K.L.:
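I'd like to ask you about the structure that follows.
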Amino acid sequence: MTGNQWGYGKDDGPSAWNTNYPVADGDRQSPIDILPHQARHDPNLGPIVLNYDRCTSINIANNGHSVVVEFEDSDDRSVIQGGPLDNPYRLKQFHFHWGGKGCHGSEHTVEGNSYASELHLVHWNAVKFKTFGEAASTSDGLAVLGIFLETGDEHRWLHMITDALYTVKFKGSVTDFKGFNPKCLLPSSLHYWTYLGSLTTPPLHESVIWIVVKEPMIVSEKQLGKFRTLVFTGEEEDERTRMENNFRPPQLLKGRTVRSSN
Ligand SMILES: NS(=O)(=O)c1cc(F)ccc1F
Ligand SMILES: [Zn+2]
């Protein structure tokens, strides 16, 4: 792996990340396999509260690892609070991880079972930190809401994302994407598990309070298939490597406790 060139292939994938990012072998790495019966139900864990009503999406992009929708985060217009969080955390971006055709692609697993895909809504603590970058490299600077995607009926709002994917096929492409409120993607119940972990891609900073929602959102195989029309490579490169299986497998729990909202 030259420089910071990491990926999901045989030579640059998760098993090789610890070469350039030794924290990969740290003691609060993500994702993990969640064992519901070993999670501690904590009655003090209140509900997750999302205030996305004035959220401002900016663009959708292919960063060579996933498809990302970025938000305006210069004020507290879209925040997550409650649950395990002591402060409101500002929405910065959301992105997905997914598998190949018929394979599973979530990052977190539940009793060894993985879902077809996983949505990550990334938030940062703007009370304690001045910039996202600072928050992302400091313990508990980030709160990531993880939502599983399961195949079934078509999701009535996901087409807003999948219809735009052709415009960001290649690494480095960015397209305007305004007026999208991710609240429309969330399942009806926000019961969750929570634990202290890390970014699931390099630099793998151990800065994340993970909030993994128990109820999956249901999307169709056709909708999921559109994510696989993206490629990891840039338009100018001659190879076209289909973007799929961009997930890190579960990491060791190393004594951490997973709490359950209920
Ligand atoms: N997959 S993740 O939500 O842990 C994540 C979020 C970021 F903002 C940056 C890197 C990451 F790996
Ligand atoms: Zn992610």
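Just so it is clear, the structure is predicted and the values come from calculations on it, not from any experiment. Just so you know, ligand 1 is whichever comes first in the structure, and atom 1 is the first atom listed for that ligand.
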K.L.:
Is Glu206 close to Asp27 at the side-chain level, that is, under 4.5 Å between some pair of heavy atoms?
P.N.:
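In contact.
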
K.L.:
Using distance alone, determine whether Thr200 and ligand 1 share an N or O pair under 3.5 Å.
P.N.:
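Yes - when backbone and side-chain N and O of Thr200 are compared with those of ligand 1, one distance drops under 3.5 Å.
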
K.L.:
With a 4.5 Å cut-off on side-chain heavy atoms, are Arg248 and Trp17 touching?
P.N.:
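Yes, their side chains come closer than 4.5 Å.
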
K.L.:
Is there a heavy atom of Lys92 sitting under 4.0 angstrom from any atom of ligand 1?
P.N.:
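Contact absent.
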
K.L.:
Identify, by atom number and element, the atoms of ligand 1 in contact range of Val144, meaning under 4.0 Å from any of its heavy atoms.
P.N.:
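Matching atoms, with element in brackets: 3 (O).
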
K.L.:
Return the residue, atom name and 0.1 Å-rounded distance of the protein heavy atom closest to atom 11 (C) of ligand 1.
P.N.:
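Here the closest protein heavy atom is Thr201 OG1, 3.6 Å.
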
K.L.:
ring-ring contact (aromatic ring centres under 6.0 Å, His included) between Trp193 and His41: does it pass, once the steps are laid out?
P.N.:
CA-CA 9 Å; Trp193 296 289; His41 172 252; over 10 Å; no

K.L.:
How is the hydrophobic cluster of Phe247 composed, in terms of its other members, when Ile, Leu, Val, Met, Phe, Trp and Tyr link through side-chain heavy atoms under 4.5 Å apart, directly or indirectly?
P.N.:
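ILVMFWY cluster around Phe247 holds nothing else.
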
K.L.:
So, Tyr115 and Thr109: side-chain donor and acceptor under 3.5 Å apart, yes or no?
P.N.:
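Note: Tyr115 and Thr109 side chains miss the donor-acceptor criterion.
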
K.L.:
Can you spot which of Trp98, Trp6, Phe96 makes a ring pair (Phe, Tyr, Trp, His ring centres under 6.0 Å) with His65?
P.N.:
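So, applying the ring pair (Phe, Tyr, Trp, His ring centres under 6.0 Å) to His65 and each of Trp98, Trp6, Phe96, only Trp6 qualifies.
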
K.L.:
Is it the case that ligand 1 has an N or O less than 3.5 angstrom from some N or O of Trp210?
P.N.:
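No.
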
K.L.:
Under 6.0 Å between ring centres: does that hold for Tyr21 and His205?
P.N.:
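No, they do not, as the ring centres are separated by 6.0 Å or more.
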
K.L.:
Could you verify whether a donor N or O on one side chain and an acceptor N or O on the other, from Lys214 and Ser260, lie under 3.5 Å apart?
P.N.:
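A donor-acceptor contact under 3.5 Å links the two side chains.
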
K.L.:
As a quick check of understanding, evaluate ring-ring contact (aromatic ring centres under 6.0 Å, His included) for His97 and Phe148, giving each step before the final call.
P.N.:
CA-CA 10 Å; His97 303 263; Phe148 293 120; over 10 Å; no

K.L.:
Compute the minimum heavy-atom distance from His95 to ligand 1 and say whether it is under 4.0 Å.
P.N.:
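Contact present.
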
K.L.:
Does Lys101, at its NZ atom, have more than 12 non-hydrogen atoms belonging to other residues, nucleotides or ligands within less than 6.0 Å?
P.N.:
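Result for NZ/Lys101: open.
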
K.L.:
In ligand 1, which numbered atoms sit nearer than 4.0 Å to a non-hydrogen atom of His120?
P.N.:
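Matching atoms, with element in brackets: 1 (N), 2 (S), 3 (O).
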
K.L.:
Quick check on contacts: which atoms of ligand 1 are under 4.0 angstrom from a heavy atom of Gln93?
P.N.:
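Heavy-atom distances to Gln93 below 4.0 Å select 7 (C), 8 (F).
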
K.L.:
Provide, to 0.1 Å, the distance between atom 9 (C) of ligand 1 and the closest protein heavy atom, together with that atom's residue and name.
P.N.:
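Here the closest protein heavy atom is Leu199 CD2, 4.0 Å.
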
K.L.:
Which protein N, O or S atoms does the Zn ion (ligand 2) have within a distance shorter than 2.8 Å?
P.N.:
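Sorted hits: His95 NE2, His97 NE2, His120 ND1.
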
K.L.:
With a 4.5 Å cut-off on side-chain heavy atoms, are Tyr192 and Arg259 touching?
P.N.:
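Side chain of Arg259 against side chain of Tyr192, heavy atoms only: no contact under 4.5 Å found.
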
K.L.:
At under 4.0 Å between heavy atoms, which part of Phe132 makes contact with ligand 1: side chain, backbone, both or neither?
P.N.:
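It is the side chain that gets close, since no backbone atom is under 4.0 Å.
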
K.L.:
By number and element, which atoms of ligand 1 are closer than 4.0 Å to a non-hydrogen atom of His97?
P.N.:
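So the answer, numbered in order with elements, is 1 (N).
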
